Asker: 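Submitted below is the structure of interest, expressed as C-alpha cells.
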Amino acid sequence: MIRSALLLALLAAAPLSHAAPDLTTVSERSGFQATGRYDEVIKLCGEFQKAYPKDVKCIEFGRTPEDRPMLALVVTKTGAFTPQAAAKKGLPVTLIQGGIHAGEIDGKDAGFLALREMLAGRLAPGALDRQVLLFVPVFNVDGHERFQKWNRPNQRGPVEMGWRTTAQNFNLNRDYVKADAPEMQAMLTLVNAWDPLTYVDLHVTDGAKFQHDVSIQVEPVYSADPDFRKAGLALRDNVIADLAKQGSSPQSYYMSFAKTDDPMSGFVDGVSDPRFSTGYFPLRNRMAMLVETHSWKDYPTRVRITHNSFVSVLEQVAKHGKAWQQAAAAADARAAKLAGTPVALTYRTTDKSKMVDFNGYAYTRTPSDVSGILMTRYDETKPQVWRVPLRDEVVADLEVAAPRAGYIVPAAHAAMVAAKLTQHGIAFRKLDKAIDRVETETFRADKVTFGAKSLESHQRLTLEGSWKSEPRSVGRGALFVPIAQPKARLVMAILEPQAPDSLLAWGMFNNAFEAKEYMEEYVAEDVAREQMAADPAIAAEFQRRIDTDPAFARSAHARLEFFARRHASWDERLNLYPVLRTNVAP
C-alpha cells in the first residue's frame, strides 16, 4: 500500500510538458487520502481545455435536479470533437464514467491523472490518435455533493466521499432501461449522439476481505449477439492481462460469495439485467465494462488500479477498435434480422462448478452475541489460499421468439411509450389512420403478481401467460415499433411483458391489471341463476369446479366471478397487456 501511494505521488510530481500545475487534483495533493468536491471537476474540465485546446473540449450534457452541470471531457488528437466528425472519420468512441455511485469515487481522481499523463505523452502514446474518449468524471453529481465521512463504512478511503444515490434517491445503476432519473436521460442523450463502442463504468465493490484487488467484467461475453461476444471476451481478457502485468490480481467475475459471508460457498458468475450498465449496452450491440476495485484496499491502491484500467481500455481500443467496430456493425445487421427467431430475455448460471484457488486471508466463523448469526472475521496478517467452487457456465433462460414485424402500442399509451423509445434511440412510427380487425398476438395474463413493496419508486409487476393469436382493432395514433432495426434486442427488453426490465415489469402498465368495474353480489346471484337456467353446460361446469377445486369451492368471490366473467359487462381488457405483436407491418 505504501508502494502504491509512493508510485502515485511520483506520477503526480513528474514535470509536465504542457499542462499547468493546477491540473493536479485535491487527491494528489493530499497523498491520495482525500477527494475534491464537484467544483474541482468544473475547474479541471475547463483547465484541461485551456491547457490542451487542440485535444480537449469540455462539454455540459445535462443538468441535475439540483441544477448542477453534468460535464464530460471530449479528448482526442484527431480533431473530432462532435459525434458527426467522429462518425465521418470512422473513429471508435470510448465512454468512461466515474461516480455513478458517488461514494465510489476512484474513477474521478484516477481519470484526471491518467488523462494528464496521456496528454503529456508519458502514457499510451498514440492511443488518442485512434479514438475519441468521452470522460465523465462524476455521473451522479448531486449524490457526489452529499459529502461527508463514513458514507461508505465498509470502504477504506477517501476521508470524505459522496452518496450512492441521486438527490431524488435513484440508484443510477438500476435505471438504464426505465430511465426515470434526469441524469440517466441526459446520459442516454449523450450515448445516442456519440454511439460509444465501449462504455466503461468505474465502481468500488463491497464485500468480504481478501487479497484480490479488482474485478473486470465485460458483456457481451455470455449474453446478446453470440458472434459479438468474441470482441467482449477479447476486451476483458486483454485488460485483465494488462493489469496482471502491473501487479494486480484481477478476476473476471464479481467477487461476492454465493452465500453471504461464507467464503467456502465460492462465487457465481452471471449476466446482469438491463437495468445495469453491463446488461444494457450489449442490447445495443456495444461493449460494456464494469471495473470494481476492492473496497478494503486503501485509496492510493484503488486509484492506481483504476488508473491502470482506464489506460488499458484506451490502449486496447486503439489497437483493436477498428475490428471491434466492424464486429459491432455486423451485430447490428444481424439484430435487424431477428424476426421470428428465439431471443434470450434472461440468463441463468447452471449448477456446474469448478474448483479455483482464491487468494484470501485466514478467518474464523463464530456465532455473534449481538446478531445471533455466524460472523466471519478475517486476519489480514495471514494470507491464505482458499480452494472454492466457481460456477461460470451461463446459458439462456427465458427465450421468446421475436415478432415477425414488430409491436403495436395503442394510442392510449403511445405518448408514454414513445417518450421511452425516444430516450433509447429506438425507431418507431405513428399510425395516421385506424385499422379494423388486425391479425395480432395478444398477451393475456394467467397470473398477475404485484411487488410487495416499492423498488426504485415503482411497484413492479410479473405475469404468467403467453402470446396467442387474436384479431384486434387498432386506432389512429397507435405506434408501430419495427423489430427490423439494430436495437431489436433492446426493443424486446422494453416491450416483452416477461422481460425483467420491461416497461410492464417496472409497473408502467399496472392499470391494465386492476379490476375497475364490478358486479354487486346480489346482482351476481341473479345472473348466476339465469345463466345456469339458460345453459345446462354452464351449470355442469360450475358444479365440476366445485367438486374438483377446493379453493374455488371455498371462495364466494371466485364462485360469483365464474358467472360474472360470462356476462356482457365483464371487462375483456382486464389482464390484457395493452401492447400487441404483429407479423405484418401496418
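In this text, all values refer to a predicted model and were calculated from it rather than measured experimentally.
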Asker: Starting at CG of Asp175, measure out to OG1 of Thr165 and round the result to the nearest 0.5 Å.
Answerer: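 Atom-to-atom, Asp175:CG and Thr165:OG1 are 12.0 Å apart.
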Asker: For Arg529, is the CZ atom crowded, meaning more than 12 foreign heavy atoms sit under 6.0 Å from it?
Answerer: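 At most 12 heavy atoms, drawn from other residues, nucleotides or ligands, come within 6.0 Å of this atom.
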Asker: Output the distance between atom CZ (Arg566) and atom CD (Glu561), rounded to the nearest 0.5 Å.
Answerer: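 Here the rounded value is 10.0 Å.
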Asker: Taking 4.0 angstrom as the limit, do Glu496 and Arg581 come out as a salt bridge?
Answerer: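 Yes, Glu496 and Arg581 are salt-bridged.
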Asker: Heavy-atom count check: over 12 atoms from other residues, nucleotides or ligands less than 6.0 Å from Glu541 CD?
Answerer: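 Result for CD/Glu541: enclosed.
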Asker: Hey, what's the ring geometry for His203 with His101, parallel, tilted or perpendicular (30° and 60° as the breaks)?
Answerer: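 Perpendicular: the ring planes of His203 and His101 meet at over 60°.
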Asker: Is Leu580 close to Glu470 at the side-chain level, that is, under 4.5 Å between some pair of heavy atoms?
Answerer: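 No. Closest side-chain heavy atoms not under 4.5 Å.
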Asker: Is the shortest distance from a Lys or Arg side-chain nitrogen in Asp206 or Arg152 to a carboxylate oxygen in the other one below 4.0 Å?
Answerer: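 The answer is yes: the pair qualifies as a salt bridge.
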Asker: Does the side chain of Arg391 come under 3.5 Å of the side chain of Ser353 through a donor N or O and an acceptor N or O?
Answerer: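 Not at all, the side chains of Arg391 and Ser353 share no donor-acceptor pair under 3.5 Å.
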Asker: Just one of Glu439, Glu572, Glu441 clears the salt bridge (charged side-chain N to carboxylate O under 4.0 Å, His left out) bar with Arg472, so which one?
Answerer: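 It is Glu572, the one option of Glu439, Glu572, Glu441 that forms the salt bridge (charged side-chain N to carboxylate O under 4.0 Å, His left out) with Arg472.
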Asker: May I have the step-by-step check of salt bridge (charged side-chain N to carboxylate O under 4.0 Å, His left out) for Arg68 and Asp142, ending in yes or no?
Answerer: CA-CA 7 Å; Arg68 294 185 177 94; Asp142 290 343; 2.8 Å; yes
Asker: Under a 4.0 Å threshold between the charged nitrogen and the carboxylate oxygen, would Glu456 count as salt-bridged to Arg275?
Answerer: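 Salt bridge between Arg275 and Glu456, a charged N being under 4.0 Å from a carboxylate O: no.
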Asker: When the ring planes of Phe542 and Phe552 are compared, do they come out parallel, tilted or perpendicular, using 30° and 60° as the limits?
Answerer: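 Perpendicular: the ring planes of Phe542 and Phe552 meet at over 60°.
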Asker: Counting only heavy atoms not in Lys259 (residues, nucleotides, ligands), do more than 12 fall under 6.0 Å from its NZ?
Answerer: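 12 or below, so no.
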Asker: For a 4.5 angstrom cut-off between non-hydrogen side-chain atoms, does Ser502 reach Ile494?
Answerer: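 Heavy-atom side-chain distance check fails, nothing below 4.5 Å.
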Asker: In this structure, are over 12 heavy atoms from other groups packed under 6.0 Å from Lys516 atom NZ?
Answerer: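 More than 12 within 6.0 Å, yes.
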Asker: With a cut-off of 6.0 Å (strictly less than), are more than 12 heavy atoms of other residues, nucleotides or ligands near NZ of Lys420?
Answerer: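 Result for NZ/Lys420: enclosed.
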Asker: Gln168: which residues meet the side-chain contact (heavy atoms from CB on, under 4.5 Å) condition with it, sequence neighbours left out?
Answerer: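 Pro65, Thr166, Phe170, Pro182.
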Asker: Check the surroundings of atom CZ in Arg476: do more than 12 heavy atoms from other residues, nucleotides or ligands lie under 6.0 Å from it?
Answerer: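 No, the 6.0 Å shell around CZ holds no more than 12 heavy atoms from other groups.
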Asker: Might you confirm whether atom OH of Tyr518 has over 12 heavy atoms from other residues, nucleotides or ligands at distances under 6.0 Å?
Answerer: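 Count not over threshold, so no.
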Asker: Under the side chain to side chain donor-acceptor pair (under 3.5 Å) rule, what pairs show up with a residue in residues 279-291, not counting sequence neighbours?
Answerer: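 As it turns out, the side chain to side chain donor-acceptor pair (under 3.5 Å) pairs with a partner in residues 279-291, which skip direct neighbours, are Asn192-Arg284, Asp195-Arg286, Tyr280-Arg284, Tyr280-His424, Asn285-Asp332, Arg286-Asp332.
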Asker: Between His567 and Ser569, do the side chains contain an N or O donor and an N or O acceptor separated by less than 3.5 Å?
Answerer: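 Yes.
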Asker: Just checking, any donor-acceptor pair under 3.5 angstrom between side chains of Glu514 and Asn510?
Answerer: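 Glu514 vs Asn510: no donor-acceptor pair found between side chains.
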Asker: Taking atom CZ of Arg573 as the centre, does the number of heavy atoms from other residues, nucleotides or ligands within less than 6.0 Å exceed 12?
Answerer: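 Result for CZ/Arg573: open.
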